[in-house]
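To start, the structure itself, in structure tokens.
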Amino acid sequence: MDGLLSETAAGLLRVKKIVMDMKVLAHLALDVLVEVNINQLLDYVVNLCASGYKDKVEVLKEYGDLPPVKCYEGRMVQVFTNLLVNAFQAIADKGVVRDWE
């Protein structure tokens with residue numbers, strides 16, 4: 001019973017994080033240039049996209065130090081989302097998504 005409760009609590013925390021990230025991403029403007037932290041933006045996208053593939057894909061986050069970047073935040077989210085979902089779908093059984101060297 002303790003194991004089941006522990007798994008349930010962990011699942012609820014994951015759901016809470018996903019909902020919070022969705023709220024942040026839902027308020028992004030597509031047509032306004034703003035300064036963004038790319039690492040933080042990528043974190044939001046990874047948390048949302050990876051949740052559906054957690055049994056099949058491991059995402060290694062190895063971000064570098066980046067200065068704020070002026071961009072269309074909502075469009076960057078779309079690009080990151082498309083790249084990640086394509087990577088996840090390209091994995092047949094189990095795999096790792098990470099940066100390239």
Dump the intermediate steps for side chain to side chain contact (heavy atoms under 4.5 Å, CB included) on Y44 and V77, then the final yes or no.
CA-CA 9 Å; Y44 293 139; V77 167; over 6 Å; no

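Atom-to-atom distance recorded for Y63:OH and D43:CG is 4.0 Å, nearest 0.5 angstrom. The distance from the CG atom of L66 to the CD atom of Q40 is 12.5 Å, given to the nearest 0.5 Å. Taken from CG in L41 to CE in M76, the straight-line distance is 7.0 Å, to the nearest 0.5 Å. In this structure, CG in L48 is found 13.5 Å from CZ in F80, a value given to the nearest 0.5 Å. Here R98 contributes atom CZ and K61 contributes atom NZ; the two are 15.0 Å apart, rounded to the nearest 0.5 Å. A distance of 15.5 Å separates OH in Y53 from NZ in K94, rounded to the nearest 0.5 Å.
The shortest side-chain heavy-atom distance between V85 and C49 falls under the 4.5 Å cut-off. Side-chain atoms of V97 and L60, non-hydrogen and from C-beta on, never get closer than 4.5 Å to each other.
In this structure, N39 contributes its side chain and G64 its backbone to a donor-acceptor pair below 3.5 Å. Between the side chain of K56 and the backbone N or O of G95, no donor-acceptor pair lies under 3.5 Å.
Of all the heavy atoms in I91 and V57, the pair that sits closest is CD1-CG2, 3.7 Å.
A continuous path of ILVMFWY side-chain contacts below 4.5 Å connects V32 to V69, so both sit in one hydrophobic cluster. Cluster annotation: V34 and I38 are assigned to the same hydrophobic cluster (Ile/Leu/Val/Met/Phe/Trp/Tyr, side-chain heavy-atom contacts under 4.5 Å, transitive).
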